[in-house]
Amino acid sequence: MGFYLKDPGARIDYTVDWAAGYLAGDTIAASAWIVAPEEAGGIAVDGTTSEPERASATLEGGVPGHVYRVTNRVTLASGRIEERTLSIRVDER
């Protein structure tokens with residue numbers, strides 16, 4: 001999906017807008033956020049929200065110089081499962 005920069009001290013909301021050509025009239029029934037790699041001091045999900053067409057997560061932390069894959073996995077009302085992954089590099093800014 002994209003490559004983003006994040007300061008390790010920032011708490012930032014990231015949103016996946018599933019309505020942009022993915023849902024075709026379907027809606028989000030459940031949403032989960034997965035961070036890889038999991039490590040001490042790494043990026044952590046501090047909270048999530050979802051609406052029928054978009055899902056958001058508040059991310060905090062991260063080790064400077066490390067790159068994380070943050071995946072939003074949604075289950076749609078139709079039962080389909082979709083994923084989108086963001087690549088986030090942590091750098092002091």
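To the nearest 0.5 Å, the span separating OG1 on T27 from CD on E53 amounts to 8.5 Å. To the nearest 0.5 Å, the span separating CD on E51 from CG on D17 amounts to 9.0 Å.
A chain of hydrophobic side-chain contacts below 4.5 Å, direct or via other Ile, Leu, Val, Met, Phe, Trp or Tyr residues, connects I12 to V90. If you chain together hydrophobic residues whose side chains sit under 4.5 Å apart, I88 and I34 never meet in one group.
For the residue pair S31 and S50, no side-chain donor N or O sits within less than 3.5 Å of a side-chain acceptor on the partner.
Shortest non-hydrogen contact noted between I28 and R54 is CD1-N, 3.6 Å. Closest of all the heavy-atom pairs between W18 and R84 is CH2-CG, 3.2 Å. Across all their heavy atoms, W33 and Y14 have their closest contact at CH2-O, 4.0 Å. Nearest heavy atoms, R89 versus G65: NH1-O, 3.5 Å. The shortest heavy-atom contact between P52 and L23 is O-CD1, 3.9 Å.
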For this session: Could you give me the CA-CA distance, side-chain angles and deciding distance for R69 and L86, then say whether side-chain contact (heavy atoms from CB on, under 4.5 Å) is met?
Result: CA-CA 6 Å; R69 293 174 314 283; L86 309 172; over 6 Å; no
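Shown here are the salt bridge (charged side-chain N to carboxylate O under 4.0 Å, His left out) partners of D7, two or more places apart in sequence or in another chain: there are none.
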Listed pairs under 3.5 Å, donor-acceptor, residues 55-64 side chains, sequence neighbours left out:
residue : atom : partner : partner atom : Å
S56     : OG   : T15     : OG1          : 2.7
T58     : OG1  : D13     : OD1          : 2.4

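For the pair Y68/K6, no side-chain contact is recorded, criterion being any heavy-atom separation below 4.5 Å from C-beta on.
The backbone N or O of V16 lies less than 3.5 Å from no partner atom in the side chain of N72, so there is not a single donor-acceptor pair.
Salt bridge status for D91 with R93: absent, with no side-chain N to carboxylate O gap under 4.0 Å.
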